[in-house]
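What follows is a short report on a single structure.
By convention here, the first residue in the shown sequence is residue 1. Counting convention: from 1, in listed order, for ligands and their atoms alike. Note that these values count all heavy atoms, side chains included, but never hydrogens, waters or copies made by symmetry. Computed from a prediction, not measured in an experiment: that's the story for all the values here.
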Amino acid sequence: MILLDGKKVSNDIKNEITEEVKKMKAKGEKVPHLAAIIVGNDGASLTYVASKVKACERVGFESTMIRMSNTTSEIELLDKIEELNNNPEIDGFIIQLPLPKQIDTQKVLMAVDPDKDVDGFHPMNFGKMALDMSTFIPATPFGILELLDRYNVETKGKHTVVIGRSHIVGRPMSILMGRKGFPGNSTVTITHSHTKNITQITSQADIIISALGVPNFLKAEMVKDDAVIIDVGITRVVDETSPKGYIITGDVDFENVSKKASFITPVPGGVGPMTIAMLLKNTLLARELRH
Ligand code: GUN
(Lines give C-alpha, C1' and ligand atoms only; values in the text may rest on other atoms or scores of the structure.)
Protein backbone atom coordinates (compact mmCIF):
# COMPACT_ATOMS: atom_id res chain seq x y z
CA MET A 1 0.00 0.00 0.00
CA ILE A 2 1.31 3.43 -0.95
CA LEU A 3 0.11 6.49 0.94
CA LEU A 4 -0.87 9.40 -1.32
CA ASP A 5 0.79 12.03 0.82
CA GLY A 6 -1.11 15.25 0.18
CA LYS A 7 0.81 17.07 2.86
CA LYS A 8 4.14 16.41 1.15
CA VAL A 9 2.89 17.02 -2.40
CA SER A 10 1.10 20.23 -1.39
CA ASN A 11 4.33 21.42 0.21
CA ASP A 12 6.22 20.67 -3.02
CA ILE A 13 3.61 22.67 -4.97
CA LYS A 14 3.80 25.58 -2.53
CA ASN A 15 7.59 25.60 -2.89
CA GLU A 16 7.22 25.68 -6.69
CA ILE A 17 4.77 28.59 -6.42
CA THR A 18 7.10 30.42 -4.00
CA GLU A 19 9.83 30.25 -6.64
CA GLU A 20 7.45 31.71 -9.26
CA VAL A 21 6.56 34.56 -6.91
CA LYS A 22 10.23 35.29 -6.26
CA LYS A 23 10.79 35.58 -10.03
CA MET A 24 7.84 37.97 -10.31
CA LYS A 25 9.21 40.13 -7.50
CA ALA A 26 12.70 40.16 -9.05
CA LYS A 27 11.15 41.51 -12.25
CA GLY A 28 9.29 44.17 -10.27
CA GLU A 29 5.90 42.62 -11.07
CA LYS A 30 2.87 42.69 -8.81
CA VAL A 31 2.42 39.43 -6.89
CA PRO A 32 -0.87 37.48 -7.07
CA HIS A 33 -3.62 38.72 -4.75
CA LEU A 34 -6.38 36.37 -3.54
CA ALA A 35 -9.46 37.57 -1.66
CA ALA A 36 -11.86 35.35 0.28
CA ILE A 37 -15.35 36.31 1.39
CA ILE A 38 -16.79 34.48 4.35
CA VAL A 39 -20.38 35.04 5.44
CA GLY A 40 -21.33 34.00 8.98
CA ASN A 41 -19.51 32.27 11.81
CA ASP A 42 -19.33 28.60 10.87
CA GLY A 43 -16.29 27.22 12.70
CA ALA A 44 -15.14 24.85 9.96
CA SER A 45 -15.51 27.49 7.23
CA LEU A 46 -13.55 30.02 9.30
CA THR A 47 -10.78 27.47 9.79
CA TYR A 48 -10.63 26.70 6.06
CA VAL A 49 -10.48 30.35 5.07
CA ALA A 50 -7.80 31.05 7.70
CA SER A 51 -5.75 28.17 6.20
CA LYS A 52 -6.16 29.67 2.72
CA VAL A 53 -4.96 33.08 3.93
CA LYS A 54 -2.01 31.50 5.75
CA ALA A 55 -1.06 29.58 2.60
CA CYS A 56 -1.03 32.87 0.65
CA GLU A 57 1.44 34.33 3.14
CA ARG A 58 3.61 31.21 2.92
CA VAL A 59 4.07 31.52 -0.88
CA GLY A 60 4.33 35.32 -0.93
CA PHE A 61 0.87 36.16 -2.30
CA GLU A 62 -1.16 39.13 -1.11
CA SER A 63 -4.43 38.13 0.52
CA THR A 64 -7.57 39.81 1.79
CA MET A 65 -10.16 38.17 3.99
CA ILE A 66 -13.59 39.77 4.00
CA ARG A 67 -15.87 38.77 6.85
CA MET A 68 -19.59 39.48 6.57
CA SER A 69 -22.22 38.84 9.24
CA ASN A 70 -24.60 35.89 9.27
CA THR A 71 -27.49 38.28 8.51
CA THR A 72 -25.90 39.66 5.31
CA SER A 73 -28.47 40.08 2.56
CA GLU A 74 -28.02 38.75 -0.96
CA ILE A 75 -27.79 42.32 -2.27
CA GLU A 76 -25.03 43.22 0.18
CA LEU A 77 -23.03 40.17 -0.89
CA LEU A 78 -23.63 40.90 -4.59
CA ASP A 79 -22.38 44.47 -4.02
CA LYS A 80 -19.21 43.15 -2.39
CA ILE A 81 -18.66 40.77 -5.33
CA GLU A 82 -19.09 43.65 -7.77
CA GLU A 83 -16.48 45.60 -5.82
CA LEU A 84 -13.99 42.72 -6.07
CA ASN A 85 -14.79 42.19 -9.77
CA ASN A 86 -13.88 45.83 -10.41
CA ASN A 87 -10.86 46.04 -8.10
CA PRO A 88 -7.74 45.81 -10.30
CA GLU A 89 -5.62 44.83 -7.26
CA ILE A 90 -7.51 41.54 -6.82
CA ASP A 91 -6.51 38.74 -9.24
CA GLY A 92 -8.93 36.14 -7.95
CA PHE A 93 -11.44 35.59 -5.18
CA ILE A 94 -13.60 32.95 -3.60
CA ILE A 95 -16.82 32.96 -1.63
CA GLN A 96 -16.57 30.28 1.03
CA LEU A 97 -19.50 27.86 0.93
CA PRO A 98 -21.99 27.07 2.35
CA LEU A 99 -23.78 30.43 2.50
CA PRO A 100 -26.60 31.33 4.94
CA LYS A 101 -30.11 30.33 3.90
CA GLN A 102 -31.27 33.81 2.85
CA ILE A 103 -28.70 33.85 0.04
CA ASP A 104 -29.14 32.08 -3.32
CA THR A 105 -25.75 30.39 -3.86
CA GLN A 106 -26.12 29.95 -7.63
CA LYS A 107 -27.02 33.61 -8.10
CA VAL A 108 -23.97 34.64 -6.09
CA LEU A 109 -21.58 32.33 -7.95
CA MET A 110 -22.88 33.63 -11.28
CA ALA A 111 -22.04 37.19 -10.23
CA VAL A 112 -18.31 36.42 -9.97
CA ASP A 113 -16.22 37.61 -12.93
CA PRO A 114 -15.27 34.28 -14.61
CA ASP A 115 -11.70 35.56 -15.02
CA LYS A 116 -11.40 35.95 -11.24
CA ASP A 117 -13.31 32.76 -10.39
CA VAL A 118 -10.37 30.80 -8.94
CA ASP A 119 -12.78 28.24 -7.42
CA GLY A 120 -14.00 27.36 -10.93
CA PHE A 121 -17.64 27.45 -9.76
CA HIS A 122 -19.05 29.89 -12.36
CA PRO A 123 -21.21 28.02 -14.93
CA MET A 124 -18.99 29.37 -17.72
CA ASN A 125 -15.87 27.87 -16.17
CA PHE A 126 -17.67 24.65 -15.22
CA GLY A 127 -18.87 24.35 -18.83
CA LYS A 128 -15.38 24.98 -20.17
CA MET A 129 -14.06 22.26 -17.87
CA ALA A 130 -16.64 19.81 -19.18
CA LEU A 131 -15.68 20.70 -22.76
CA ASP A 132 -11.91 20.22 -22.24
CA MET A 133 -11.26 23.96 -22.62
CA SER A 134 -8.57 25.61 -20.51
CA THR A 135 -10.09 27.14 -17.37
CA PHE A 136 -10.01 27.13 -13.57
CA ILE A 137 -10.66 23.61 -12.29
CA PRO A 138 -12.33 23.46 -8.84
CA ALA A 139 -9.55 23.13 -6.28
CA THR A 140 -10.47 19.82 -4.64
CA PRO A 141 -10.91 17.83 -7.89
CA PHE A 142 -7.82 19.60 -9.27
CA GLY A 143 -5.88 18.50 -6.17
CA ILE A 144 -6.99 14.88 -6.63
CA LEU A 145 -5.87 14.94 -10.30
CA GLU A 146 -2.52 16.36 -9.23
CA LEU A 147 -2.05 13.61 -6.61
CA LEU A 148 -2.88 10.89 -9.17
CA ASP A 149 -0.50 12.56 -11.61
CA ARG A 150 2.44 12.96 -9.23
CA TYR A 151 2.15 9.35 -7.99
CA ASN A 152 1.68 8.10 -11.56
CA VAL A 153 -1.53 6.25 -10.68
CA GLU A 154 -2.90 4.61 -13.84
CA THR A 155 -6.43 5.87 -14.65
CA LYS A 156 -6.78 4.92 -18.35
CA GLY A 157 -9.40 2.23 -18.89
CA LYS A 158 -9.99 1.93 -15.15
CA HIS A 159 -13.42 1.92 -13.53
CA THR A 160 -13.68 4.99 -11.30
CA VAL A 161 -16.57 5.15 -8.87
CA VAL A 162 -17.35 8.59 -7.44
CA ILE A 163 -19.45 8.67 -4.27
CA GLY A 164 -21.40 11.93 -3.96
CA ARG A 165 -22.59 14.38 -6.62
CA SER A 166 -21.87 17.76 -4.97
CA HIS A 167 -21.17 20.70 -7.27
CA ILE A 168 -17.82 21.23 -5.51
CA VAL A 169 -16.36 17.71 -5.66
CA GLY A 170 -18.40 14.72 -6.89
CA ARG A 171 -19.90 16.23 -10.05
CA PRO A 172 -16.72 17.88 -11.41
CA MET A 173 -14.64 14.85 -10.40
CA SER A 174 -16.89 12.52 -12.38
CA ILE A 175 -16.44 14.72 -15.47
CA LEU A 176 -12.67 15.09 -15.06
CA MET A 177 -11.96 11.38 -14.64
CA GLY A 178 -13.75 10.64 -17.91
CA ARG A 179 -11.99 13.33 -19.94
CA LYS A 180 -9.36 12.49 -22.52
CA GLY A 181 -5.78 12.54 -21.23
CA PHE A 182 -4.03 11.79 -17.98
CA PRO A 183 -5.37 11.64 -15.35
CA GLY A 184 -8.59 10.69 -17.11
CA ASN A 185 -9.77 8.15 -19.69
CA SER A 186 -11.59 6.31 -16.89
CA THR A 187 -14.99 4.68 -17.15
CA VAL A 188 -16.90 6.63 -14.52
CA THR A 189 -19.85 5.69 -12.34
CA ILE A 190 -21.31 8.40 -10.11
CA THR A 191 -23.27 7.25 -7.07
CA HIS A 192 -25.49 9.24 -4.69
CA SER A 193 -28.24 8.96 -2.10
CA HIS A 194 -30.62 7.17 -4.52
CA THR A 195 -28.06 4.58 -5.64
CA LYS A 196 -29.22 1.05 -4.92
CA ASN A 197 -26.81 -1.59 -3.67
CA ILE A 198 -23.76 0.66 -3.60
CA THR A 199 -21.50 -2.17 -2.39
CA GLN A 200 -22.09 -4.03 -5.66
CA ILE A 201 -20.79 -0.94 -7.51
CA THR A 202 -17.87 0.02 -5.24
CA SER A 203 -16.61 -3.55 -5.11
CA GLN A 204 -16.09 -3.43 -8.89
CA ALA A 205 -14.16 -0.16 -8.77
CA ASP A 206 -10.48 0.20 -9.59
CA ILE A 207 -10.55 3.74 -8.19
CA ILE A 208 -12.99 5.03 -5.55
CA ILE A 209 -13.33 8.74 -4.85
CA SER A 210 -15.54 9.28 -1.82
CA ALA A 211 -16.95 12.75 -1.20
CA LEU A 212 -19.94 11.93 0.95
CA GLY A 213 -19.18 13.39 4.38
CA VAL A 214 -20.25 10.29 6.32
CA PRO A 215 -17.45 9.18 8.69
CA ASN A 216 -16.11 5.66 8.05
CA PHE A 217 -18.75 4.98 5.37
CA LEU A 218 -16.49 2.97 3.07
CA LYS A 219 -15.69 -0.39 4.68
CA ALA A 220 -13.16 -3.02 3.61
CA GLU A 221 -15.89 -5.36 2.32
CA MET A 222 -17.01 -2.65 -0.15
CA VAL A 223 -13.60 -2.49 -1.81
CA LYS A 224 -11.73 -4.91 -4.04
CA ASP A 225 -8.08 -5.83 -3.59
CA ASP A 226 -5.58 -3.27 -4.94
CA ALA A 227 -8.17 -0.52 -5.40
CA VAL A 228 -7.07 3.13 -5.34
CA ILE A 229 -8.89 4.99 -2.57
CA ILE A 230 -9.33 8.77 -2.47
CA ASP A 231 -11.02 10.05 0.69
CA VAL A 232 -12.47 13.56 0.42
CA GLY A 233 -14.41 13.38 3.71
CA ILE A 234 -13.47 15.88 6.42
CA THR A 235 -16.20 15.55 9.04
CA ARG A 236 -15.65 16.90 12.56
CA VAL A 237 -16.46 14.12 15.01
CA VAL A 238 -16.74 14.94 18.74
CA ASP A 239 -13.82 13.47 20.70
CA GLU A 240 -13.41 14.65 24.29
CA THR A 241 -9.86 13.28 24.48
CA SER A 242 -8.49 15.48 21.69
CA PRO A 243 -7.32 19.05 22.44
CA LYS A 244 -9.87 20.65 20.08
CA GLY A 245 -12.75 18.51 21.31
CA TYR A 246 -13.17 16.94 17.87
CA ILE A 247 -11.21 14.93 15.34
CA ILE A 248 -11.34 15.22 11.55
CA THR A 249 -12.69 11.95 10.17
CA GLY A 250 -12.76 10.76 6.57
CA ASP A 251 -15.38 8.74 4.66
CA VAL A 252 -13.10 5.71 4.64
CA ASP A 253 -12.50 3.15 7.38
CA PHE A 254 -8.78 3.70 6.86
CA GLU A 255 -7.51 1.04 9.25
CA ASN A 256 -9.19 -1.81 7.38
CA VAL A 257 -9.48 -0.42 3.83
CA SER A 258 -5.77 0.49 3.71
CA LYS A 259 -4.91 -3.22 4.08
CA LYS A 260 -6.57 -3.91 0.70
CA ALA A 261 -5.73 -0.71 -1.19
CA SER A 262 -2.85 -0.18 -3.63
CA PHE A 263 -2.90 3.60 -3.03
CA ILE A 264 -4.86 5.50 -0.39
CA THR A 265 -5.13 9.09 0.90
CA PRO A 266 -5.02 9.62 4.67
CA VAL A 267 -7.35 12.00 6.54
CA PRO A 268 -6.02 14.43 7.54
CA GLY A 269 -3.04 15.00 5.26
CA GLY A 270 -4.45 13.70 1.98
CA VAL A 271 -6.88 15.65 -0.19
CA GLY A 272 -7.35 18.58 2.26
CA PRO A 273 -3.91 20.21 1.89
CA MET A 274 -4.05 19.61 -1.89
CA THR A 275 -7.20 21.74 -2.14
CA ILE A 276 -5.38 24.75 -0.72
CA ALA A 277 -2.31 24.23 -2.90
CA MET A 278 -4.47 24.10 -6.04
CA LEU A 279 -6.37 27.24 -5.05
CA LEU A 280 -2.97 28.97 -4.96
CA LYS A 281 -2.16 27.49 -8.37
CA ASN A 282 -5.44 28.83 -9.77
CA THR A 283 -4.68 32.24 -8.28
CA LEU A 284 -1.28 32.22 -9.98
CA LEU A 285 -3.03 31.32 -13.25
CA ALA A 286 -5.57 34.15 -12.76
CA ARG A 287 -2.72 36.60 -12.21
CA GLU A 288 -0.94 35.37 -15.36
CA LEU A 289 -4.12 35.66 -17.43
CA ARG A 290 -4.67 39.22 -16.25
CA HIS A 291 -1.18 40.47 -17.13
N1 GUN B 1 -16.59 24.86 0.89
C2 GUN B 1 -16.09 23.61 0.88
N3 GUN B 1 -15.14 23.48 -0.07
C4 GUN B 1 -15.03 24.69 -0.68
C5 GUN B 1 -14.23 25.18 -1.74
O6 GUN B 1 -13.41 24.48 -2.33
N7 GUN B 1 -14.42 26.48 -2.07
C8 GUN B 1 -15.33 27.25 -1.43
N9 GUN B 1 -15.44 28.53 -1.84
N10 GUN B 1 -16.10 26.84 -0.46
C11 GUN B 1 -15.94 25.55 -0.08
**OP:** Under 4.0 Å, heavy atoms only, figure out whether ligand 1 is touched by the backbone of I95, its side chain, both or neither.
**Re:** backbone
Subject >> Side chain, backbone, both or neither: Y48 near ligand 1, heavy atoms under 4.0 Å >> reply: neither
Original post:
Is there a side-chain contact between E288 and T283, using heavy atoms and a 4.5 Å cut-off?
Top reply: no
Original post:
H159 side chain to D206 main-chain N or O, any donor-acceptor pair under 3.5 Å?
Top reply: no
Original post:
Would you say F121 has any N or O atom under 3.5 Å from an N or O of ligand 1, going by distance alone?
Top reply: no
**OP:** Give the residue, atom name and distance (to 0.1 Å) of the protein heavy atom nearest atom 10 (N) of ligand 1.
**Re:** L97 N, 3.0 Å
Original post:
Tell me: protein heavy atom nearest atom 11 (C) of ligand 1, and distance?
Top reply: Q96 NE2, 3.3 Å
Subject >> Presence of salt bridge, K54 and E57, under 4.0 angstrom >> reply: no
Subject >> Within-4.5 Å side-chain heavy-atom neighbours: K224 and K260 >> reply: no
**OP:** For I75, look at atom CD1 and say whether over 12 heavy atoms of other residues, nucleotides or ligands are found less than 6.0 Å away.
**Re:** no
Original post:
Between T140 and ligand 1, is there a nitrogen or oxygen pair with a distance under 3.5 Å?
Top reply: no
Original post:
Heavy atoms only: which of I94, I234, D119 is nearest to atom 9 (N) of ligand 1?
Top reply: D119
Subject >> Any donor-acceptor pair under 3.5 Å from D251 side chain to G213 backbone >> reply: yes
